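The structure appears right after this line, and notes come after that.
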Amino acid sequence: VGSIGLDKVIQHPVMTLYPNPNDGNFFLILRFCPCCEVKVLSLLGQVLEQTIICQGSMAMDLSKHPSGLYFIKVNGEVPEQQITGKIIIK
């Protein structure tokens, strides 16, 4: 995972998040994960959003949440599809 900076792309073999930081709107791309559960968590671990992504990519809108750091947790069917990324809302 690379450093977080203006309009950076956070890449992992399974997940890509961009842009990061953002205004609450960003893209999540999942590879090798036909249908995965995606959760958005606060720093305290509270689940703020939860969805299933089956098409491989999704535009996400967290603009109703305050600025800050959030975790994007992906749960797939196998351990390689379980990853957590960070996203910053400005």
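Here the structure is a predicted model, which means the values were calculated and not measured.
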Worksheet item: Taking Cys54 and Cys36, which are both Cys, do their SG atoms fall under 2.5 Å of each other?
Response: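 No, Cys54 does not link to Cys36 through a disulfide.
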So [Y] and [X], do their side chains get closer than 4.5 Å, heavy atoms only?
X: Ile89; Y: Asn22; value: yes
X: Thr51; Y: Met58; value: yes
X: Asn20; Y: Phe26; value: no
X: Asp23; Y: Lys90; value: no
X: Met60; Y: Ile87; value: no
X: Arg31; Y: Thr16; value: yes

Worksheet item: Do you know which two heavy atoms are closest between Asn25 and Pro19, and how far apart they sit?
Response: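 Shortest heavy-atom contact: O-CD, 4.2 Å.
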Worksheet entry | Audit row: Ile52, Val38, side-chain contact (heavy atoms from CB on, under 4.5 Å) steps and yes/no | CA-CA 6 Å; Ile52 302 290; Val38 176; over 6 Å; no
Nearest 0.5 Å, what's the [atom1]-[atom2] distance between [X] and [Y]?
X: Tyr70; Y: Gln46; atom1: OH; atom2: CD; answer: 9.5 Å
X: Lys86; Y: Leu41; atom1: NZ; atom2: CG; answer: 13.0 Å
X: Leu28; Y: Ile53; atom1: CG; atom2: CD1; answer: 4.0 Å
X: Gln50; Y: Lys73; atom1: CD; atom2: NZ; answer: 10.5 Å

Discussion item. Check the orientation of Tyr18 and Phe27. Use parallel for under 30°, tilted for 30 to 60°, and perpendicular for over 60°.
Written reply: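 Tyr18 vs Phe27 ring planes: parallel.
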Discussion item. Can you confirm whether Glu77 is buried at CD, in the sense that more than 12 heavy atoms of other residues, nucleotides or ligands lie under 6.0 Å from that atom?
Written reply: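 Counting other residues, nucleotides and ligands, CD of Glu77 stays at 12 neighbours or fewer.
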